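Every value quoted in this text rests on a predicted model; they were computed, and no experiment measured them. Letters A, B, ... mirror the listed sequences (proteins, then strands); counts begin at 1.
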Amino acid sequence: MILVRDHIAQLIAEAIHIAQKKGELPSFELPEVPVTRARDETFGDYASPICMTLARVARMAPLAIAQRVLAHLPSAPYIGKVEAAHPGFINITLAPQWLSQQVEVILAEGERFGQVDLGKGRSVQVEYISANPTGPLTVGSGRNGVLGDALANVLAAAGWRVQREYYVNDTGTQVELFAASLYARYAQALGRDEPLPEGGYPGSYLVEMGHQLAREYGDRFLTMERSQAITALREEGLKRMLASIQADAAALGIHFDNWKSERSLYEDGTYSLVFNRLSAGGWLVYRDGAVWFTETPHRSSGEVQGEQPTQAGAKDGTDKDNVVVRSDGRPTYFASDIAYVWDKLVTRGFDRAIYVWGADHQGHVPRMKAVTRALGLDPDRITIILYQLVTLKRGGELVRMGKRTGEIITLREVIEEIGADATRFMLLTRAADSQMELDLTLAVQQSSENPVYYVQYGHARIASIFRYAQERGFSPEGGDVRLLTHPAELALIRQMVRLPETVALCAETLSPHHLTHYAQELATAFHAFYKDCRVVSEDAGHAAIGRARMKLVQAAKIVLANTLRLIGVSAPESM
RNA sequence: GUCCUCGUAGCUCAGGGGAUAGAGCGCAGCGCUGCGGACGCUGAGGUCACAGGUUCGAAUCCUGUCGAGGACGCCA
């Protein structure tokens, strides 16, 4: 389906060229033509300020340009009225006949309505949450998950082949600390006086897991050698943590296509491959006993490398170096990230890879880009979406969080307190880069008036209309959508046909939060229509319009359902 | 100290260089003797943190100040 927005831009560009050819406008290089939704409905549906931009280069008044452009604007079935407006806008109103016809289009497309083809079959991997499997998911992980999941939905709807992945940090310092902590809790459960290791995980969930393991296995792990026991408990603990994480994610409607093991990157040779590659390229330096990745490579051949206008290059730039292998020989997680990006872009060959990271990882973005370039790959193929951390409050009191500090408000608790749909909608309504404060007492109080219910209510209301109609033997069969001319009907259709553009917007800007705002506007248009327009009635003379309105309402239900599906919340038949 | 993100209505937040800056909640009112009132309508409420700059035009872009959060070579 073509986007009306883009098509209008094309038509305006054509009109300008025609006017130029006829000498009505001077010749100049045409910049991209911006087309936006009109700010106010009295201006129509779409507007372009292009003529104001052109005023200088054309040396004409914007309004005069607009008038000459409009004189040559090619016609299109969706265009109703075009106007040049002060101080130089081109305003376009959609044709009512075209709008009403869209009801049939939507009915025909069904679940596919809203899809656009921006991806053109290219593949993209969206990797999200990827929290350390050393504790339960936090609210921050929830925000991460909801962002990533909705983004994956949107990209799929925008014509990309999408894979959803969870990266499992199943190796490294934190995992060892986790295992040692679990060992301590397990031993304690069996009455041993075993202290929690330095920097270990104090959370109560490990106390519980320790007891569970003690119940299930008795003292089996105490009779073996300590290091062997810790290894065994690590595997058992990881398995259980991952199962619990998977369940928490599922409670928010999040399901992954693949769980990628960090450890596997070492076992399958990816790590040594990228290490050798970087080494050969001169990107690795040895200093203080460690191996560093440097963004200013030392080439033994002395060949001049490409333009590297790093201002800071005057200094030797070592402050930008990052440790890949520690002085004790263990690789850092940055080493894993290097192998992982190779795995994504080369081994598995995704056209794009999208990471969703908390803002506390922002410092790592430049070096991920740098190392991707160093591997000989186009850094634009990876995109890292940063979201601001959620600060939690309870009754105005700040709640500190973190697996390592012990006190945690888990995602699970929040879902249980305010509901999965409300949680998901709430986390998705804000742009990723907005800092958000979540007061649980307030959220619980307000969850019943969460906008998500307003949208879902629209869907349920339509379902109810159909139940009512069916009892009385009414059906949309044979309805003539040309009868849909009431302002409230057209206003509803206007909102419905915005879905493809909203999907495009979300996919282009990788910001799915527009969906929730759109959903509310769509629901508002429906509720207003419902107020003004009777759908099912036995009144004389109502039969024809009744059938047409049933078609409209059926289409509205499809659009609401498609939108809710993209957001990732349910579309209930009743509530 | 350096760097990144943010600062918009009482609260939580939208606003891809353009027209009179919007929504939800809260607040003050109004509306149902037919399809779900988890609804509809109206109103009050703003120095878009502050100061400069670019531009025909800035909430939006640039610089600085203040404020919030975050990051700064062997944690992730």
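Screening Leu389(A), Asn144(A), Val390(A) for a side chain to side chain contact (heavy atoms under 4.5 Å, CB included) involving Val139(A) leaves a single residue, Val390(A).
Using a 4.0 Å heavy-atom cutoff across all strands shown, Glu449(A) reaches sugar-phosphate atoms only and no base atom.
Contact of the Tyr128(A) side chain with the Leu147(A) side chain is not registered, since no non-hydrogen atoms from C-beta on lie closer than 4.5 Å.
Donor-acceptor pairing under 3.5 Å, judged by distance alone, is present between the side chain of Thr53(A) and the base of G18(B). Remark: the Asn450(A) side chain and the A38(B) base include no donor-acceptor N/O pair separated by less than 3.5 Å. The base of A76(B) is paired with the side chain of His364(A) by a donor and an acceptor separated by under 3.5 Å. Judged by atom type and distance alone, Thr509(A) does not reach the base of G16(B) through any side-chain donor-acceptor pair under 3.5 Å. The base of G70(B) is paired with the side chain of Gln362(A) by a donor and an acceptor separated by under 3.5 Å.
G16(B) sits 11 Å from G7(B) when the P atoms are compared, rounded to a whole Å. A9(B) and G22(B): their P atoms are spaced 14 Å apart (whole Å). Rounded to the nearest Å, the gap between the P atom of G10(B) and that of C48(B) is 12 Å.
Here G57(B) sits opposite no nucleotide as a Watson-Crick or G-U wobble pair (both hydrogen-bonding atom distances under 3.5 Å).
Taking atom OH of residue Tyr457(A) and atom P of nucleotide C35(B), one finds them 10 Å apart after rounding to whole Å. Here G18(B) presents its P atom at 15 Å from CG of Leu54(A), a figure rounded to the nearest Å.
Within a 6.0 Å sphere centred on CD of Glu471(A), other residues, nucleotides and ligands contribute more than 12 heavy atoms.
Comparing C75(B), G15(B), A19(B) by their closest approach to the side chain of His514(A) singles out G15(B).
One finds a salt bridge joining Arg498(A) and Glu521(A) here, because a Lys/Arg side-chain nitrogen approaches an Asp/Glu carboxylate oxygen to under 4.0 Å.
Applying the 5.5 angstrom centroid cut-off and the 30 degree plane-angle cut-off, the aromatic ring of Phe43(A) is stacked upon the base of A19(B).
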